[in-house]
Each structure stands twice: as structure tokens, then as C-alpha cells.
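Notes follow once the structure below has been shown.
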Amino acid sequence: MEASLTARDRVGIQDFVLLDAYTSESAFLDNLRKRFHENLIYTYIGTLLVSVNPYKELDIYSKKQMDIYMGVNFFELPPHIFALADNVFRTMLFEFNNHFILISGESGAGKTEASKKILQFYAVSCRSTRLLNNVRDRLLLSNPVLEAFGNAKTLKNDNSSRFGKYMDIQFDYQGGAVGGHILSYLLEKSRVVHQNHGERNFHIFYQLVEGGEEDLLRWLGLERNCQHYSYLVQGGCAKVSSINDKNDWKTVQKALSVIELSKSDIEYLFGIIASVLHLGNIKFEADVRGYATLSNNQEMHWVSKLLGIPAQVLQHGLTHRKIEAKTDEVFSPFSVDHAVYARDALAKAIYDRTFNWLVNKINESLANKDSSRKTVIGLLDIYGFEVFSVNSFEQFCINHCNEKLQQLFIELTLKSEQEEYEMEGIEWEPVPYFNNKIICDLVEEKHRGIISLLDEECLRPGEATDLTFLEKMEEKIGGHPHFVTHKLADQKTRKTLQRGDFRLLHYAGEVTYCVVGFLDKNNDLLYRSGKEVMQQSKNPIIKHCFPSTEPDSKKRPETVVTQFKSSLVGLTEILMSKEPWYVRCIKPNEAKQPGRFDDVLVRHQVKYLGLMEHLRVRRAGFAYRRKYEIFLQRYKPLCPDTWPNWKGTAAEGVQRLIKHLGYKRDEYKLGRTKIFIRHPRTLFATEDAFQDCKHKLATRIQAKYKGYRVKGDYLKQKEAATKIENCWRGLIARKERERRAWAVKVIKKFIKGFMTRNQPASIDNSEYLAYVRQSYLTRLKENLPKTVLDKDSWLTPPPIMREVSQLLKKLYIRQMVRKYIQGITPQRKAQIMLKVQTSIMFKGKKESYPFSVSRPFLDTRIGVSVSNLSDNFLILHVTCDDIKRKGDLVLQCDYLFEVLTKLSVIANKQNCIKVVQGSVRFDIQPGREGFVDFKSGQESTVYRAKNGHLMVVSVAFKETKVIIHDMCSSLSSTFILGINKSKVKMMVMWG
């Protein structure tokens, strides 16, 4: 960028931050005009990109241009949308966080084209595989589909987006585009049924009629003549010289197949589009009672066929309204006016819901199947501030959206500037700016804002009209400094307002709104009978858009403006969670002529885009900032101490350089990694000195080799060859030295980062810590535990990732457990519950417990019961298939609730009980009584005592396990008797 400063008088300055008169609108416009006339349509304000629509093709978007801007420092080359796209991409990869690019400007300023260029750049610059190429194609071809169904010709733009679009592009950790998602906002569906003079309906209608194949048109009942359809001729410009509907139809057809719409889906989709055209041609007449009847059944036939709805049902739904009173239903016939309203409301609802269905289908084709974390770059292409000769409800919503985005824009810009100053250790100076919160509150404040007043008027009983809404605003907010009406205005202002107008003073300037139609457009009612008719459709898309499960609430649905307000809140939350970048698009003239720059028009856009405000924020402290390495590399020839090579650090070299140049103390600040220069004139003087130095050096070189011209051709060629060889070897050596110096620098930085890795994040260790994080997460992804039992194999985290690792481990184990539980049988679940109970009793208390964990409980064969008397008996009920050999085991415990010292084992007549522990065998014959005595000792042992009892010696308060084999099964039941002071615990397990 610095290299272009020498031509600043002719081509202007590439970055408005370097304008000396940065507070002057005239200076701003003069710089913009100079660059525009030189076909330099891009200019920076810091990292914000200003783009002026050239209204002609420029050779600056080729693959070669993309290659030039890939991986290059943001300010190294002239301003370009590719430079911004590349900088966003590289920052996302390096910092591993999410970003968004806000593209704004009025209709016709080039927002949609800017969005396309960014998508094209990512399609070329991202790494390529077959899978990624499929995603890339879908991302690119989603644009023509959305343009066809969501864009239209307006007075200001032949391809105006009539909806807001936010697209997330998802990238993997290597920078490959792996998916995407689209959100749409406030489709201007009123355009389906009405267009102002000089405007058209949505492109897709004209593309279908003009470009559709003959067989398709015949199947849809359409003729190749837009003049035959009421919804296409209201603007009086069905054909436009700059639009080729036939070619666009082919593009849309190809795009629909790439985004994986099936052939049947495409047929049903165009059946719906055709049905809307037929619906618009349905006419009504009044019968003798004044009720609406249909006058052309042919159009009704086609709507019935294409939507799969019986004609009688459709006809009744268009001419009658269902009224419910408690348990009764009454159908009230429409007047002609009401029937027309119901028809148009149905057409708008069909198109709007079909558009949302199409967006969802595109999202399905863009969905990323890999659940691992992705970084995101969002593209927000949203309607710009609109001011027409007559401004209605749509302009009110659009301009409020821009008001909110302006509030967010200034807030994020100030935050970004303040963070950079703090990071560099430079004191932040508060910046005065216009806070448009007062205007946002005027529109959206609860109970008192315009939105609340509009909803109240729409929902209140009685005769509410647009004029009663105006009167309510005059009553509630009449004293607000940013609101005025004909009634409230002074004598001079009143002449510029109609009686049905109100005027808002936005941050961008005054806009006068005509209140007529506000209530109808905000209500946007679709009669319940119309919805019920659509629910009977056999067209799968319509069935999806009007589901029979849709709540049939008698409560009125949310108004349009309330839905839009909620969407804005959601959008703001999305944007606040990402790092912002901005593209501000400007329209140079209303006639769409190349080379024409309308100062008045451009000045207005500069104002409402907040460009002067943004410039003031960026220039509040310092006009120019660069990393020490970049500044020193460029200007080191200006100081003998730094030329040709500086041996110390870059920061020290810059200090030596500016001291030699004589910078004054108030002209600069030295941050931790950057030099900050306060005034552009200081930088200009430095750059001019650098250009003089280059010129002098070139002159000396020319003088040195001038004498070679008198020598013979052979000698000259030989010397020239030698010189070229030396220069080439020198170049190779210097490159090798630079490469090694770079490697040394990286290694040093890595070592320094390693040495300070346990300290708080700083410039010294930030890159190392980022590497550690990414490396750990990558390794963790490849070494995740395969089962719940492997949870202890979790990869050991570095200190900086301990907290995150613990959280990830908890989430991952929880997910594995949930997945495991969902996949097991009820029987297996019961076994696990037994395992849990066992764990509560014995985990950490018995040495052998861990070895039993992996062995499942196969079945429950013993039940335990006691009497309600004080007889100290336990009875173990043993199930056995052989009834003859079946017997229950009776245990007597003399001190059941005290320390257990003696266990009596009684065998019944059917069973011989054998107690085995280690190498000791203790048999109890049928009908005989045997005893097991317990006592504490220094070490655990089992032996037959002299009295014939089985003696069990146990270390105090430890568990003792006695294995008792019965004779009716090969399986062994294990009694675990836990002796713990005055309690006896018993667990029966089957192995």
C-alpha cells in the first residue's frame, strides 16, 4: 500500500485512514472520485472495504488475480475484495475462531456481486478433494437458485435481493470448505401479487414462462407470454433488455440438479410456481346478493390439478370464510373485495412457504455430516437503507434493520480498536460518536415503541385503521425529537408531509413513510379456511408447507413486524459471537452508467453507511500502524545503521530508524509489536524520502555500469554473463539466508513460547499456546476412548488445556454412556443396575472388587428373606430346575446388628453344602448343622478349628468372602459378608 502513496495526487489514497482532512466529507468524496475515474473501485478504511459499483466489467477477478492475493499481507497489494476474503480466511485458520463479513449498501450498489466474488475466491483458494468440490459446487450454485426465487427487478436495480440472506461457510481445520447453512429474512412476499410501475415480480416466474420447455409449459397449462398473467404485468416491464430470462432458466435448471433436488421435486416445485400464476388470473363477480362467485373456471381447473386439491374444495375456500363460535362452525361468504384479498393472501403464503422449503432443501444439500468442530465464515448480504418517493411498511422494516446493524457496527468497531490498543500497551482515548440507540428505542421499545403501537392497533377489537395507528403514534411518541407528522410539524415542515405520513430521523437521514397499508401488511392474515384447503393438497411440497399437524390455534399468529424483530435479535446474537469484517457498497449514479459519479447521491450513501463515523473511530488515535518487521523492511535504506542489514530485533531497528528520521515524540507510539504513527503527513514524508533514496541508488548503479558500453560485444557479453551469474548466486544465497533466518526466528519463538507456556497469555507465548491447543485437540480426536471402560485412557492434556480437557472428557463420557444405554436390552440394563449397587457397596473397600467388574451378572438365582421376629435367621431361596434336589439355605447370625462373630449354616435333607476357601474344604452333610466362626486377627486366614467349626480370621473391619457350592448347579454363588463395626452387608453374585 505504501508504494502507491507516490501517485496519491492522481489516484487518491488507498486507505482513507491516511487522509489528512479525515473529518471532511468533501475530502472523502474527492478521494473516492479520483479512484473511481481510474477504475480503482476498492478503497480501505483500515480493514473495512469500500466498493463502488463500476457498472461495467473489469478484468480484476480472474484466476490469476486470485492467485496474486492468496496468502499475501492485507496491505501489501492494492485494495481488493479478494484481499479481504483472504485475510478473513487466514485469520480464521490461525486463530481457529469464527468470522463474518457484513456486506451492506443500497439496492443496486453491488452487494450480491460482492457476495459472489467472495464465494468464488473461497471455491478456488480452498484445498480440493472430490467431496470438497461437491460442497463447493453446491455453495456456488445455491446463489442462482436463491436469486431466481428471491430477487427481482426494482427501480434501482435489475437484480435486487428482496430478502435478507445470511450464509455460513463451514471449514475444517485444514481450511477445506465442508458445508454451509443459509438463513433467510423477511422475503418481500407482497411482490408476488403487486409490483410498482417499472418493477417486476420475482425472476423465476419470467424464467419459467420465457425459458421453460414446450412440454413443461403444456403440462403446467402456461403460455409463452408474460402478458397473459395478472401477477406479471402490473409493473409494465415484463421484458428487460439487461435480463436474459432464457439463459437464466438454464442456469437455474442446472443448479437445482446440483443441489440434489430430485426430478419429481423439481416438477412439483414448478407446478407450485405455475399455480400461483393461475391463481392470480382467477376473477370474481358479485351475485345478486353481493357475494363473490368465480367467473373463469379454466384457471381454477389448473390450480386444482397442479396442487392436487379438488376444485369444489378450492372454490369454496376462496369464496367462504370459516367462523367458529364455541362448538359451532359457520361458513360466511366473501364479498368480491374479500375474495380478492383471500386469493392474494393465499398466493403470498404459498410462495413464501415454498421459498422457505427451498432454502431448507439447499441447507440439506450443504449439511456437513462430520460432527467435529468447524470454524465458520458468515456472509451477510442484507438489504441496504431504502428511500423511495413513497416509502411503506417494507422500507420501515428494512431501514430499522439497517439501524440495528449500524448500532452493532459502531459497537464492534470501537471494541476492536480498543482491544488492539490494549494488546499493544497503548493508552485508549475515548472516541465521541453518535449513538443511534435513541432511534432504535423509538422503534422497538416495549409498550411505547412504534412496533408495539402497531401491534396493539392490529390486535385491538374495533375499527382499527392506518389513520388510527397514526393518531396513536402522535399521542404516545409525539414529543420525540426523531419523529414528526403533518399534525405535529411546524409550518415549513408541514408543506413536505401528507396527512397520512410520518417522518423518522434515522442515523442516515430523514425518511418519510406513508402509513397506508401498514396494518394490512403487518397482519398478513391467511384465513383458516385457506390453510385447511392447502392441507388437503396432494402436492408433496404443499403438504410439507401446510402440515395437518400445524396447531390450529384460535390465538392470532404473531404479526410480521414482531417476527422480523425476533429474527433481528437472533441475527444480532449470531453476529456478536463472531469476529466482524465489513464491505460497504456504493452506487455512483441512479442511471447505472459507467464512469458517472454523482456527488450528491454518493455523499448521501457515505452518510447513511456510517463511513465518516467509522473513519473518525479509526483515526481517533493513530492514522497508520504496522508491524515492526514490515516497517523496517521497507524503510531501512533511509538509515545508515539499518541498511543493508539490521542485526538486532525489529523493534530496536525501528527505534534507530525513526530517531535518524527525526520523528517527534507526539508523532508516534511504539507498541509491543507495532509502530503507531499519528499523522498521515509523517508517513507521506517518510515514503517520499524512501522514493528519493531508491532513485539515487538507481542512478549510482547506472553510472557505475555506463562505461561498459564502449567495450566490445564479446567482452560485454562475457561480463554481463558473469554479472548475471553473480547476481543470481547472490539472490539464491540471500533467499537461503532469509529462509534460515526465518527458521531461526520461528524456532526461537517456539522455544520462548515453551519456556513461558505456564505464564498468562502474552505476545511471547500466544502462537505457541495456539499450536499446543490445536495439536492437543487433533491428537485427542484421533485417540478418543472407544468404550466407556476405556475412559481412563483419556489423552493427558497440557496445562493450558486441563480445564477444557476435563469438560470435554465429561461431555464425551456422558455421550458414550447415553449411546450405550440407548442400545442395551432391558435385561442387560437390570444387570447393570446390580453392578451399580455392587459398586456402591464394595468399590474401594475390597481388593478383589476391580477384577469382578468385567464379569456380568448372568442371572438372579437366590432370593433373601427374614421373619419379623427376633430369631436371627436369614433364608436364601435357591431356584433349581430339579425339584427333587431343590432346597433353601438357612443362615443364623447371632449378632445381626453387631460385630459378626459366628455364622451358622444349616443344610436341609436334599442338599449337601460345601464351603470352600482357598485349600480348605468344609462339608456339611444333609440334615446336619455346621458352623463358620469369625474373629479378628493380624492377617486373614481360613482353617478347620479343633471344635470342628470353620474358622475365618480377618483383619479388623475388612470384608470376608465365603464361597458356598450347592449341588444343583455348576455355577457358584458368592456370599460377600461385609463386617464394618455394627453392620453386616451381604451381596449375592452369580458368575
Could you walk me through whether R33 and D30 pass salt bridge (charged side-chain N to carboxylate O under 4.0 Å, His left out), step by step?
CA-CA 5 Å; R33 189 189 311 104; D30 183 55; 3.1 Å; yes

Is there side-chain contact between Y22 and F16, with heavy atoms separated by less than 4.5 Å?
no

Spatial distance of atom CG (L379) from atom NZ (K111) [nearest 0.5 Å]
14.0 Å

Note: G610 and Y507 closest approach over all heavy atoms is N-CE1, 4.4 Å

Check against ring-ring contact (aromatic ring centres under 6.0 Å, His included), Y122 and F171:
CA-CA 10 Å; Y122 290 146; F171 298 88; 5.8 Å; yes

Describe, in one word, how the ring planes of Y61 and H80 are oriented to each other, choosing from parallel (under 30°), tilted (30 to 60°) and perpendicular (over 60°).
perpendicular

Please step through side chain to side chain donor-acceptor pair (under 3.5 Å) for the pair Q691 and E687, ending with a clear verdict.
CA-CA 6 Å; Q691 295 298 331; E687 181 61 28; 2.7 Å; yes

Taking everything shown except E57 itself, do over 12 heavy atoms lie less than 6.0 Å from its CD?
no

Result for side-chain hydrogen bond (donor to acceptor under 3.5 Å, both in side chains) between D67 and one of Q65, K63, K64 points to K63

For K116, does the NZ atom sit with more than 12 other heavy atoms under 6.0 Å from it, leaving out its own atoms?
yes

Does V443 form a side-chain contact (heavy atoms from CB on, under 4.5 Å) with I451? I'd like the steps, not just the answer.
CA-CA 6 Å; V443 174; I451 289 177; 3.9 Å; yes

Return yes if some donor-acceptor pair links the side-chain N/O of H604 with the main-chain N/O of G509 below 3.5 Å, else return no.
no

Just checking, is any N or O donor in the side chain of Y42 or Q14 under 3.5 Å from an acceptor N or O on the other one?
no

Quick one: does any side-chain atom of D86 pair with a main-chain N or O of F82 as donor and acceptor, under 3.5 Å?
no

E652 versus W646: any side-chain heavy-atom pair under 4.5 Å?
yes

Heavy-atom count check: over 12 atoms from other residues, nucleotides or ligands less than 6.0 Å from K669 NZ?
no

Any heavy-atom pair between the side chains of L504 and I450 that's under 4.5 Å?
yes

Can you establish whether the number of heavy atoms outside D59 located under 6.0 Å from its atom CG is more than 12?
no

Side-chain donor/acceptor of Q605 to backbone N/O of K587, under 3.5 Å:
yes

Steps toward side chain to side chain donor-acceptor pair (under 3.5 Å) verdict (Y69, S125):
CA-CA 10 Å; Y69 278 92; S125 62; over 6 Å; no

Does a side-chain N-to-carboxylate-O contact under 4.0 Å join E444 and K565?
no

Evaluation steps, side-chain contact (heavy atoms from CB on, under 4.5 Å), between N151 and F163:
CA-CA 8 Å; N151 288 24; F163 71 105; 3.7 Å; yes

Is a side-chain N or O of H99 found less than 3.5 angstrom from the main chain of W581, in a donor-acceptor match?
no

Would you compute the distance between atom CG of L661 and atom CZ of F690 and round it to the nearest 0.5 angstrom?
12.0 Å

Is there a donor-acceptor contact under 3.5 Å from the side chain of W742 to the main chain of K745?
no

Quick one: does K664's side chain get under 4.5 Å of T682's, heavy atoms only?
no

Please determine whether the number of non-hydrogen atoms from other residues, nucleotides or ligands lying under 6.0 Å from atom NZ of K592 exceeds 12.
yes

Compare every heavy atom of C440 with every heavy atom of Q407, then report the nearest pair and how far apart it is.
OE1-SG, 3.6 Å

Minimum-distance pair of heavy atoms, taken over all atoms of G108 and N157
N-ND2, 3.3 Å

Does L615 reach the side chain of V17, with side-chain heavy atoms less than 4.5 Å apart?
yes

Compare every heavy atom of Q170 with every heavy atom of G180, then report the nearest pair and how far apart it is.
N-OE1, 4.0 Å

Quick one, L571 with L380, criterion side-chain contact (heavy atoms from CB on, under 4.5 Å). Give me CA distance, side-chain angles, the key distance, then yes/no.
CA-CA 10 Å; L571 176 61; L380 179 59; 4.2 Å; yes

Would you sort out whether N589 and Y55 count as a side chain to side chain donor-acceptor pair (under 3.5 Å), showing the intermediate values?
CA-CA 9 Å; N589 62 76; Y55 289 123; 5.4 Å; no

Report yes if some heavy atom in the side chain of P78 is under 4.5 Å from a heavy atom in the side chain of L40; otherwise report no.
no

Look only at the side chain of N402 and the backbone of I398, and say whether a donor-acceptor pair between them is shorter than 3.5 Å.
yes

Between CG on residue L601 and CZ on residue R596, distance to nearest 0.5 Å
9.0 Å

For E579 and N97, what are the C-alpha separation, side-chain angles and deciding distance, and is it a side-chain contact (heavy atoms from CB on, under 4.5 Å)?
CA-CA 8 Å; E579 297 296 321; N97 56 1; 3.8 Å; yes

CD1 on I426 to CG on L670, rounded to 0.5 Å:
8.0 Å

S242: side chain to side chain contact (heavy atoms under 4.5 Å, CB included) partners, not counting sequence neighbours
D158, V240

Aromatic plane relationship, F597 with F36 - under 30° parallel, 30 to 60° tilted, over 60° perpendicular:
tilted

Is there a donor-acceptor pair under 3.5 Å between the side chain of E424 and the backbone N or O of K674?
yes

With a 4.5 Å heavy-atom cut-off, do R603 and S26 have their side chains touching?
yes

Pairwise distance OG(S184) to CG(L146) - rounded to 0.5 angstrom
8.5 Å

Can you give me the closest heavy-atom contact between N31 and G12, atom names plus distance?
OD1-CA, 3.1 Å

Using a 3.5 Å distance criterion without hydrogens, assess whether the side chain of R90 forms a donor-acceptor pair with backbone atoms of V72.
yes

Test ring-ring contact (aromatic ring centres under 6.0 Å, His included) on Y166 and Y185 and set out the steps.
CA-CA 8 Å; Y166 176 80; Y185 299 94; 7.7 Å; no

Can you tell me how far NZ of K165 sits from OG1 of T112, rounded to the nearest 0.5 angstrom?
7.0 Å

Just so I know, are the side chains of Q406 and H506 near enough to count as touching, which here means a heavy-atom distance under 4.5 Å?
no

Taking everything shown except M423 itself, do over 12 heavy atoms lie less than 6.0 Å from its CE?
no

Of all heavy-atom pairs linking C126 and F89, the shortest is SG-CE1, 4.1 Å

May I ask you to establish whether R584 and F409 are in a cation-pi arrangement, using a distance under 6.0 Å from NZ or CZ to the six-membered ring centre and at most 45° from the ring axis?
yes

Can a salt bridge be assigned to the pair R35 and E38 using a cut-off of 4.0 Å between side-chain N and carboxylate O?
no

Counting only N and O atoms by type, is there a donor-acceptor contact under 3.5 Å from the side chain of R616 to the main-chain atoms of T23?
no

Return yes if some donor-acceptor pair links the side-chain N/O of H482 with the main-chain N/O of L505 below 3.5 Å, else return no.
yes

